[in-house]
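A short write-up of the structure that comes next.
All values below were derived from every heavy atom in this structure, side-chain atoms included, with hydrogens, water molecules and symmetry-related copies excluded.
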Amino acid sequence: FHFKSAHGSLAKRIYLNIIFRLIRWFAKKIITVSEFTKQDLVSTFAVRKEKVTVIYNGIDDTSFRKQRAKDIDSFRRQFHLPKEYF
């Protein structure tokens, strides 16, 4: 909604405004992935904050796990990354 370059025409903006307001009126609960998005919905579309629940993205433990320092150093050297790289 905020990125006018993606929804530049007046017709699209009006449509989005209507859809977001319909969601506000008819949804029993709204789920977002961040506190920022929740606050954005509350401030932009006057959604009651009690209606919005934040559920953070999960992490797959089989893909993301603590690595050994030796492996991290090797990875950083391979891709020329600084020591402070996150």
Side-chain angles (χ1 to χ4, degrees):
F1 181 81
H2 293 297
F3 300 108
K4 290 178 177 42
S5 60
H7 310 290
S9 76
L10 180 61
K12 283 184 182 179
R13 305 273 309 150
I14 291 170
Y15 173 77
L16 284 174
N17 230 318
I18 292 168
I19 292 301
F20 279 117
R21 298 207 187 273
L22 285 172
I23 290 170
R24 182 189 77 191
W25 291 326
F26 293 108
K28 291 181 181 181
K29 203 72 165 163
I30 299 171
I31 298 171
T32 69
V33 296
S34 70
E35 191 64 36
F36 179 85
T37 303
K38 176 180 179 175
Q39 294 307 320
D40 194 24
L41 288 170
V42 169
S43 64
T44 304
F45 296 103
V47 175
R48 289 190 341 266
K49 63 181 177 179
E50 301 81 29
K51 196 175 200 175
V52 184
T53 300
V54 177
I55 300 178
Y56 299 103
N57 292 327
I59 296 176
D60 181 0
D61 289 338
T62 61
S63 299
F64 300 98
R65 60 193 175 286
K66 188 168 179 145
Q67 299 293 317
R68 297 179 305 181
K70 181 176 91 171
D71 295 334
I72 294 171
D73 289 337
S74 173
F75 182 86
R76 279 199 342 260
R77 277 194 302 279
Q78 178 184 354
F79 294 100
H80 309 287
L81 299 172
K83 185 170 179 85
E84 300 81 25
Y85 184 78
F86 177 73

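- Applying the under-4.5 Å side-chain rule to Ile, Leu, Val, Met, Phe, Trp and Tyr, the cluster around Ile55 extends to Ile31.
- The list of salt bridge (charged side-chain N to carboxylate O under 4.0 Å, His left out) pairs with a residue in residues 12-38, not counting sequence neighbours, is empty.
- Partners of Arg48 by salt bridge (charged side-chain N to carboxylate O under 4.0 Å, His left out), not counting sequence neighbours, listed by chain and number: Glu50.
- A search for ring pair (Phe, Tyr, Trp, His ring centres under 6.0 Å) contacts involving Phe79 returns Phe75, not counting sequence neighbours.
- Residues Ile59 make up the rest of the hydrophobic cluster containing Phe64, defined by ILVMFWY side-chain heavy atoms closer than 4.5 Å, directly or through other members.
- Using a 4.5 Å cut-off between side-chain heavy atoms of Ile, Leu, Val, Met, Phe, Trp and Tyr, with links allowed through other members, Leu16 and Ile30 fall into the same hydrophobic cluster.
- Evaluation of the salt bridge (charged side-chain N to carboxylate O under 4.0 Å, His left out) test over residues 67-79, restricted to residues two or more places apart or in two chains, returns Arg68-Asp71, Asp73-Arg76.
- A heavy-atom distance below 4.5 Å is not found between the side chains of Asp40 and Phe45.
- Residue-environment remark: NZ (Lys49) stays at or below the threshold of 12 foreign heavy atoms within 6.0 Å.
- Put simply, CZ on Phe20 and OH on Tyr15 are 10.0 Å apart, with the number rounded to the nearest 0.5 Å.
- Considering only residues two or more places apart in sequence or on other chains, Ser9 meets the side-chain hydrogen bond (donor to acceptor under 3.5 Å, both in side chains) condition with none of them.
- Distance CD1/Ile72 to CG/Leu81: 11.5 Å, rounded to 0.5 Å.
- Here Ile18 pairs with Ile14, Leu22 under the side chain to side chain contact (heavy atoms under 4.5 Å, CB included) rule; sequence neighbours left out.
- Placement of Val47 and Val54 in two distinct hydrophobic clusters is found when ILVMFWY residues are connected by side-chain heavy-atom separations under 4.5 Å, directly or transitively.
- With sequence neighbours left out, the side chain to side chain contact (heavy atoms under 4.5 Å, CB included) criterion links Phe36 to Ser34.
- Annotation: side chain to side chain contact (heavy atoms under 4.5 Å, CB included) contacts of Asn57 (sequence neighbours excluded): Val33.
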